[in-house]
Protein chains: 2
Amino acid sequence: MARVTARDVAEVAGVSQATVSYVINDNPNQKISPATRERVLRAVQDLGYAPSAAARALRMGTSGAVLLILPHVPIGPVVGAFIECLEAELKERGLGLVTRRVDDGEDLTLLWRQVMPAAVVSMVAMGREERAALEGAGIFLAEALLSPRREESTLSLPQLLVGRLQVEHLAMAGHRHIGYAAAADAQVEEFLRLRLEGVRMSCVELGLDLPDVQWIEADAAAAQAAVEEWRAREPRVTAVCAYNDEIAFVVLAGMRRAGLRAPEDLALIGVDNIPLAPFADPPLTTIDQNVDVSAKHLAQLVRAGIDGEPLPRVPRSESVTLVVRESA
Amino acid sequence: MARVTARDVAEVAGVSQATVSYVINDNPNQKISPATRERVLRAVQDLGYAPSAAARALRMGTSGAVLLILPHVPIGPVVGAFIECLEAELKERGLGLVTRRVDDGEDLTLLWRQVMPAAVVSMVAMGREERAALEGAGIFLAEALLSPRREESTLSLPQLLVGRLQVEHLAMAGHRHIGYAAAADAQVEEFLRLRLEGVRMSCVELGLDLPDVQWIEADAAAAQAAVEEWRAREPRVTAVCAYNDEIAFVVLAGMRRAGLRAPEDLALIGVDNIPLAPFADPPLTTIDQNVDVSAKHLAQLVRAGIDGEPLPRVPRSESVTLVVRESA
DNA sequence: TTGTATGCGTTATCAA
DNA sequence: TTGATAACGCATACAA
């Protein structure tokens, strides 16, 4: 059962292969008589013809796909939602999404040269030459970076701001001595660094002590120890920023073991607003990164970039919002 | 900045384009002198040459990728882990993974004809002709289905068993009247149906009453109402199977509002063993589907299938294990 | 309105 | 050991 090609279709329909191509692609500067079109379409149906993506890509110089380059972070609810949303948005615009996670040393050039995407959405920073090469190849680049950059097509996911918002909320509630619950996972090191930096900056600006950092393993007993460290400090830590909501859940488990309640004994604020955050005990106050709107913006950018239209004005920096529940 | 082709490399290296191809692919039945190979490789380096995936795919008749076909379910921690693991396993074997989520009516044939994968891993059932067509096209098919089928290359993710295990554990603890916390999400309908069916079957076999089903929205107050319904039943429901761990968290939140504790007032068991399960209050007893071992098996199957080797003997049905913590 | 012919970048066959 | 050459399936400029 060999592959059905446009030639087979042409033969059955009694037309030339070119005509098949015209019909398939609704080529605008080729008028096709309704009768021929009809015959061709029927033949396509009958034979179950599907154009070869490879041949098309080879001919067109691009696969038409959008390549999403992700750093090697775990795919949790947030990254999942981001991919899901971006995928949906692009699909609506007739674009397919190919997702690739890359390791640190990996050669990005090789990657996009292979995939031949029409556009690249990257969450890892690309070097100067890399960007030039992409431009030269006619591939539109949209970046979604943790550290902001002043480019038209770059929007930043402001991790620094995330940290600041956490502290501001706690300071507003009168806390002066805060702790930081860091994730002991090398994969998220970059995120952690920036969020913690944001926390530090904010502490300095607001005249608070620097955060008291504890590394949290996925273990309630260890978390309990960390919590007790905070409580034993002089002066005592009264509020904690968690790296994310998962860590916050672990901290809550530690507090429970220590017989402590949030926010009375120790206030707690997370990041991500995962679906389970409202169901923590107590419901988790957290920072929402609104990745769905980022995805929407990215999709708009990509769409315009591919079509060569002027880029829509999209916020340089995505909005990050505080979600107040009960834990802080 | 036009694309760097094998011809450019050949020119720089002072050899023919065919030679470049030989060197690149380590063609076994072509001896290349070390000197030539060296020159070619240097030229490749200098020009930053990367072979065109499209051209290669066109020529070879396959893109070499593995196509993962997923139903349109939300990408939570479990599906995320599955993808992640499968991706890693395949990468280890030099295979790339292309993930596609398909809607219900979507034409799968079109999909694989376009991607030209070397193998397809499908979580949606394929029709008889579809499978024949794939075979004809020389594409290896491995299925990971919810409903088992007796094929060599099909392994089932036994959702029925998941439900049974939940009930068996509860029955063992002496519960006779159990409730079922169903997810009110149309996307997971298929999973829900099967898990619930497993619960029903097990109830019948063990001589328990049929489960008392409550639909749980993502809302603690609503969950509280559901919990109180169970408690008001005559005879009273003493244990609940949740559709998954997320629903279990919601039920726990509802119980908390109702002033009830697990397992004393109401035992609770989830499914999935998500990372947060140990940190619920109380820590969640649950069923682990071990998707990582499924992924491993699938990767083995795919590898053998592509290489035309005899398929490794792999369990027809994946193992599902009970993880006992404190909630039941 | 339709058909003919060409090239996209590879790999692989065969002759040198 | 190497090089010329022919597909692979498609889109399009150009001829009819």
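Predicted, not measured: the structure shown is a model, and the values here were computed from it. Letters A, B, ... mirror the listed sequences (proteins, then strands); counts begin at 1.
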**Complete:** A:Arg56 atom CZ is separated from C:dG9 atom C1', nearest whole Å, by 18 Å
**Enclosure of A:Glu106 CD (heavy-atom neighbours >12, cutoff 6.0 Å)** = yes
**Asked** Counting any heavy atom closer than 4.0 Å, what does A:Ile24 reach on the DNA or RNA strands: base, sugar-phosphate only, or nothing?
**Response** nothing
**Asked** Which atom pair, heavy atoms only, marks the closest approach of B:Val124 to B:Leu145?
**Response** C-CD2, 3.8 Å
**Asked** Taking the side chain from A:Gln30 and the backbone from A:Pro28, do they hold a donor-acceptor pair closer than 3.5 Å?
**Response** no
**Residues that A:Thr109 engages under side chain to side chain contact (heavy atoms under 4.5 Å, CB included), provided they are two or more places apart** = A:Asp107, A:Trp112, A:Arg113, A:Glu130
**Request:** Indicate yes or no: at least one non-hydrogen side-chain atom of B:Met123 is less than 4.5 angstrom from one of B:Phe82.
**Result:** yes
**Asked** Quick one: how far along DNA chain D does chain A reach, first to last nucleotide 5' to 3', anything under 4.0 Å to a heavy atom?
**Response** D:dG9 to D:dC14
**Request:** Output yes when at least one side-chain N/O atom of A:Thr36 is less than 4.0 Å from OP1 or OP2 of C:dT2, else no.
**Result:** yes
**Prompt:** Looking across every strand, which nucleic acid part, if any, lies under 4.0 Å from B:Val15 by heavy atom: base, sugar-phosphate, or nothing?
**Reply:** sugar-phosphate
**Request:** For the pair B:Arg37 and B:Asp26, find out whether any cationic side-chain nitrogen is under 4.0 Å from an anionic carboxylate oxygen.
**Result:** yes
**Asked** Residues two or more places apart in sequence or in another chain: which of them pass side chain to side chain contact (heavy atoms under 4.5 Å, CB included) with B:Asp307?
**Response** B:Arg303, B:Glu309
**Prompt:** Charged N to carboxylate O below 4.0 Å: is that the case for B:Arg193 and B:Glu189?
**Reply:** no
**Request:** Quick one: closest heavy-atom pair of A:Glu151 and A:Arg316, and the distance?
**Result:** O-NE, 3.7 Å
**Message:** Under a 3.5 Å threshold, yes or no: a donor from one side chain and an acceptor from the other, between A:Gln159 and A:Gln289?
**Reply:** yes
**Asked** For DNA chain C, which residues in residues 39-53 of chain B have a heavy atom at a distance below 4.0 Å?
**Response** B:Tyr49, B:Ala50, B:Pro51, B:Ser52
**Item:** Interatomic distance where CG belongs to B:Asp8 and P belongs to C:dC8 [whole Å]
**Value:** 11 Å
Between protein and nucleotides 12-16 of chain C, what N or O pairs are separated by less than 3.5 Å?
from	atom 1	to	atom 2	distance (Å)
C:dT13	O4	B:Tyr22	OH	2.6

**Item:** Test side chain to side chain contact (heavy atoms under 4.5 Å, CB included) applied to B:Arg101 - qualifying residues, sequence neighbours left out
**Value:** A:Glu84, A:Glu87, B:Leu70, B:His72, B:Ile75
